[in-house]
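The structure under discussion appears below in the form of structure tokens.
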Amino acid sequence: MPFAKITQVAHYVPENIVSNDDLAKIMDTSDEWIYSRTGIKQRHITVDENTSDLAAKVGEQLLLQADLSADQIDFIIVATISPDGSMPSTAALVQSKIDAHRAFAYDLTAACSGFVFALSTAEKLITGGYTRGMVIGAEVLSKSLDWSDRSTAVLFGDGAGGVLLENTGTKPLIIAEHLRTDGSRGNSLTSNHLELRPGLLARPKPVAEFIKMDGRAIFDFAVRDVPKNIQEALEKANLKPEDIDYFLLHQANSRILDKMAKKLGAERSKFLQNMQDYGNTSAASIPILLSESVKNGKLSLDKNSKIVQTGFGGGLTWGTLIVNL
């Protein structure tokens with residue numbers, strides 16, 4: 001059986017940076033207020049690039065680094081909750097932009113768990129017979145923000161990150177996984193809700209287009225349910241927290257990472273963090289963190305490291321992969 005291996009990583013963010021001080025000019029907030037509650041100092045906000053543009057930049061980097069032509073890619077999966085539109089999919093637009101005409105492409109929607117769910121899916125495609133594919137998390141969340149709502153606007157940013165998977169592994173990429181969804185709590189975090197029209201010729205009802213979040217409910221969910229999920233995945237793999245080299249968790253809030261490390265009894269230094277520079281980029285946060293960590297030398301794709309990747313967010317969705325790099 002062929003095994004999947006992450007052979008390349010890449011990320012891309014818009015050049016435009018919006019600091020906490022910039023936000024303080026347009027809403028009732030401050031750098032101290034935002035940073036002390038979230039760990040975020042700035043975020044990248046697009047000016048003229050849409051989600052598929054960010055994702056395509058990642059795809060182009062992956063091809064260049066691997067010295068591959070686009071027609072050698074078998075599939076492209078884009079995890080996103082901020083697509084260019086409902087149809088065509090963002091992945092299809094990426095396929096066109098990078099000229100990967102042989103690849104099948106589709107989007108996966110699982111909010112901040114999206115990259116974890118997509119990587120799990122892609123690994124099965126490789127072991128099922130495909131040679132190589134791209135998994136990209138990409139978001140332009142600024143399209144869905146109410147910039148007068150400081151409870152959400154200060155949290156999110158735009159960006160994309162991704163990996164190239166190839167069938168060149170000598171052992172399983174995913175040692176264990178534990179993926180979860182609870183739709184009964186879905187109203188805790190919503191965006192772009194479309195109302196049904198009351199009749200064929202009636203005017204459509206207003207659209208709830210902005211991200212809305214019950215912050216307390218989401219925080220409690222993250223610090224209660226997610227550490228249990230990580231622990232259950234570790235038990236499946238017959239591993240303990242001390243066996244893990246690094247934890248790459250969704251970058252939502254530094255206080256959440258603090259509490260998760262404490263609950264797992266793991267060293268906080270093993271929980272890599274970059275939300276201070278990017279904010280919460282939803283499905284893009286884990287692949288951006290992975291790519292940045294490889295490029296700055298914190299991680300290597302060839303050192304047999306054991307990595308925990310955990311996403312959690314809207315749906316509600318949450319899930320953990322224990323990965324061999």
Side-chain angles (χ1 to χ4, degrees), residues 23 27 29 34 37-40 43 45 51 78-83 86 90 107-118 120 137-161 178-196 205-230 248-260 275 278-289 309-320:
L23 292 181
M27 66 179 70
T29 191
I34 298 169
R37 288 163 174 78
T38 67
I40 297 168
R43 68 285 299 144
I45 300 296
T51 307
V78 174
T80 186
I81 55 168
S82 54
S86 299
T90 300
D107 290 356
L108 187 150
T109 303
C112 305
S113 307
F115 181 77
V116 167
F117 282 30
S120 171
E139 303 285 11
V140 176
L141 297 171
S142 57
K143 295 184 294 187
S144 300
L145 292 178
D146 177 355
W147 291 101
S148 67
D149 178 10
R150 74 171 185 173
S151 68
T152 55
V154 303
L155 301 177
F156 297 98
D158 302 334
H178 193 35
L179 310 181
R180 296 290 307 279
T181 301
D182 182 2
S184 70
R185 290 185 279 172
N187 285 335
S188 298
L189 184 53
T190 61
S191 177
N192 293 317
H193 182 66
L194 301 177
E195 296 284 353
L196 289 172
K205 291 183 180 180
V207 175
E209 60 181 325
F210 298 127
I211 293 174
K212 297 294 182 183
M213 180 173 66
D214 181 340
R216 173 50 58 186
I218 294 299
F219 189 90
D220 289 347
F221 148 68
V223 301
R224 183 184 62 246
D225 293 343
V226 179
K228 293 178 183 176
N229 180 265
I230 296 172
L248 276 66
L249 274 55
H250 169 52
Q251 299 291 290
N253 187 306
S254 62
R255 293 165 58 208
I256 290 176
L257 298 187
D258 294 342
K259 289 183 177 293
M260 287 187 182
M275 84 269 294
Y278 302 104
N280 179 343
T281 55
S282 189
S285 76
I286 293 175
I288 290 175
L289 181 62
Q309 296 185 358
T310 302
F312 50 92
L316 296 176
T317 59
W318 64 109
T320 294

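Here the structure is a predicted model, which means the values were calculated and not measured.
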- Message: So, taking the atom named CD1 in Ile45 and the one named CG in Asp158, what distance separates them when rounded to the nearest 0.5 Å?
- Response: 4.5 Å
- Report yes or no: does Lys143 contribute a side-chain atom to a donor-acceptor pair with the main-chain N or O of Pro83 at less than 3.5 Å? yes
- Message: Please tell me whether Asp107 and Thr80 have a donor and an acceptor in their side chains that are separated by less than 3.5 angstrom.
- Response: no
- Check: Phe115 and Ser285 side chains under 4.5 Å, non-hydrogen atoms: no
- Show your working on side-chain contact (heavy atoms from CB on, under 4.5 Å) between Ile211 and Leu155 and close with a plain yes or no. CA-CA 11 Å; Ile211 293 174; Leu155 301 177; over 6 Å; no
- Query: Ignoring hydrogens and geometry, is there a side-chain-to-backbone donor-acceptor pair from Asn192 to Ser144 under 3.5 Å?
  - Reply: no
- Item | Which atom of Gly157 lies closest to which atom of Thr281, heavy atoms considered | O-CG2, 3.6 Å
- Note on the structure: Of all heavy-atom pairs linking Asp146 and Ala153, the shortest is O-CB, 3.6 Å
- Evaluate the side-chain proximity of Met275 to Ser254: yes if any heavy-atom separation is below 4.5 Å, no if none is. yes
- Task: Would you name the heavy atoms of Leu289 and Leu249 that are closest together and state the gap between them?
- Result: CD2-O, 4.1 Å
- Query: Is the shortest distance from a Lys or Arg side-chain nitrogen in Arg185 or Asp220 to a carboxylate oxygen in the other one below 4.0 Å?
  - Reply: no
- Partners passing salt bridge (Lys or Arg N to Asp or Glu O under 4.0 Å) against Asp258 (at least two apart in sequence or in another chain): Arg268
- May I ask you to test the Leu316-Phe221 pair for a side-chain heavy-atom distance under 4.5 Å? yes
- Message: Any non-hydrogen side-chain atom of Leu23 less than 4.5 Å from a side-chain atom of Arg43?
- Response: yes
- Contacts of Thr181 meeting side chain to side chain contact (heavy atoms under 4.5 Å, CB included) (sequence neighbours excluded), chain-then-number -> Phe117, Thr317
- Note on the structure: d(Gln251 CD, Cys112 SG) to nearest 0.5 Å is 11.0 Å
- Message: Quick one, Val116 and Trp318 - any side-chain contact, counting heavy atoms below 4.5 Å?
- Response: no
- Query: Do you know which two heavy atoms are closest between Leu189 and Gly313, and how far apart they sit?
  - Reply: CD2-C, 4.2 Å
- Item | Atom pair CG (Leu141) and OG1 (Thr152), whose distance is rounded to the nearest 0.5 Å | 10.5 Å
- Message: On a heavy-atom basis, which atom in Ser113 and which in Gly319 lie closest, and how many Å separate them?
- Response: OG-N, 4.4 Å
- May I ask you to check whether Thr320 and His178 show a side-chain donor-acceptor distance below 3.5 Å? no
- Message: In the structure I gave you, are the side-chain heavy atoms of Ser282 and Asn280 within less than 4.5 Å of one another anywhere?
- Response: yes
- Between Ser82 and Glu139, do the side chains contain an N or O donor and an N or O acceptor separated by less than 3.5 Å? yes
- Message: So Phe219 and Lys259, do their side chains get closer than 4.5 Å, heavy atoms only?
- Response: yes
- Task: Would you name the heavy atoms of Leu179 and Ser120 that are closest together and state the gap between them?
- Result: CD1-OG, 3.8 Å
- Item | Close side-chain approach of Met27 to Val154, heavy-atom, < 4.5 Å | yes
- Query: Listed by chain and number, what are the side chain to side chain contact (heavy atoms under 4.5 Å, CB included) partners of Ala222, not counting sequence neighbours?
  - Reply: Ile256, Met260, Phe312
